[in-house]
Amino acid sequence: MDSIPPPHAAADWTIDQNWAAYSEEEHQRWTRLHERQMEILPGRACEAFLEGLSVLDLHGEGIPEFKALNRQLESISGWTIVAVPGLIPDIIFFEHLANRRFPAGNFIRSEAEFDYIEAPDVFHDIFGHVPMLTNRVFADYMQAYGQGGLRAQNLNSLDALARLYWYTVEFGLIASANGPRIYGAGILSSPAESCFCLESRSPNRIGFDLMRVMQTRYRIDDFQETYFEIQDFNDLFEATSQDFAPLYKALEVAPDYPPGQTLASDRLIQVGDQTYANNTRLTLTH
């Protein structure tokens, strides 16, 4: 990605949210997205996410204003939201996270993209990610991830870090007394995957292991073939609070695994039959 910000952005790629410019139709689109997810997530989302929703002003009455939301969020966990025009360079992303700033797109998906959008929009970023930043342990994990990303810039290890982010922050599951629950924003903002990840027999669910995660490729174009489940956020933070340099060295000679593969060493929670993934491949090849 070009490291030069667009003309209307600051050097750190931040822009004004320009909340007053959202149309009534765009506010209503947020409301409809919000209402759809709130019909699905109770009983599927983790308690930390639901508690975050309850304490933040993320009601379904239009797109939240970042300035007002920041007053709440900063008092809870020391994080703030900064508006960005879309995807930003890795180094800029890591710098924001390392300083407890979460970059969020200021645009909302079009009506044609209501069910699926490739680039993260304000609904994905704010509804999916921000409630989790009210959990102090997870909020610290996000900052540590950003700090680790800055250290990894010169170690040729960004692919491994991207996998860690993907399988935790975006598509992570967490154990609970009532079965697995969702904490990953990529799932929390998707009605179909919120059901698929927990209720389909197709995907694998595997106990979280840091090296295993960083060796596993992922799907960017469809439902995941494997989900990794943590025990709790303290375990996640402790597993990733170590010096990654020896891990990066080990990864240089370690095998890469396809998204749907299981290993004898895995802590298998569900061995998926991969019916969905296999049918998708069959459709794409004919």
Do the side chain of [X] and the main chain of [Y] share a donor and acceptor less than 3.5 angstrom apart?
X      : Y      : answer
Arg181 : Gly43  : yes
Glu170 : Ala185 : no
His96  : Phe102 : no
Thr31  : Gly62  : yes
Asn99  : Arg101 : no
Gln270 : Ser200 : yes
Gln17  : Glu65  : no
Gln231 : Ala175 : no

Please examine the side chains of [Y] and [X], heavy atoms only from C-beta on, and report whether any two atoms are closer than 4.5 Å.
X      : Y      : result
Glu39  : Pro191 : no
Leu33  : Phe127 : no
Glu95  : Leu150 : yes
Gln224 : Asn204 : no
Ile174 : Phe208 : no

Lys NZ or Arg CZ of Arg212 over Tyr257 ring: under 6.0 Å, within 45°: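 Geometry flag: set, cation within 6.0 Å and 45°.
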Partner set under ring-ring contact (aromatic ring centres under 6.0 Å, His included) for Phe196, not counting sequence neighbours: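 Counting only residues at least two positions away or on another chain, Phe196 forms a ring-ring contact (aromatic ring centres under 6.0 Å, His included) with Phe223, Tyr276.
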Test ring-ring contact (aromatic ring centres under 6.0 Å, His included) applied to Phe233 - qualifying residues, sequence neighbours left out: Phe138, Tyr183
Audit row: Phe66, Trp19, ring pair (Phe, Tyr, Trp, His ring centres under 6.0 Å) steps and yes/no: CA-CA 8 Å; Phe66 292 1; Trp19 185 84; over 10 Å; no
Chi angles and distances behind the salt bridge (charged side-chain N to carboxylate O under 4.0 Å, His left out) call for Asp121, Arg109: CA-CA 6 Å; Asp121 70 339; Arg109 66 194 68 184; 2.8 Å; yes
Residues clustered with Ile40, ILVMFWY side-chain links under 4.5 angstrom: none
More than 12 heavy atoms of other groups within 6.0 Å of Glu25 CD: no
Checking [Y] against [X]: is there a side-chain donor and acceptor pair closer than 3.5 Å?
X      : Y      : value
Asp273 : Thr275 : yes
Glu193 : Tyr227 : yes
Arg163 : Gln215 : no

Ring centroid separation Trp30 to Phe123 under 6.0 Å: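 Yes, close enough.
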Check: Tyr145 ring centre within less than 6.0 Å of Phe237 ring centre: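 They do not qualify: ring centres at least 6.0 Å apart.
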Derivation of the salt bridge (charged side-chain N to carboxylate O under 4.0 Å, His left out) call for Asp266 and Arg205: CA-CA 10 Å; Asp266 287 337; Arg205 293 203 297 273; over 6 Å; no
Derivation of the salt bridge (charged side-chain N to carboxylate O under 4.0 Å, His left out) call for Arg32 and Glu111: CA-CA 11 Å; Arg32 290 162 51 218; Glu111 191 64 30; 2.8 Å; yes
Test: Glu229 and Arg267 ion pair at under 4.0 Å: no
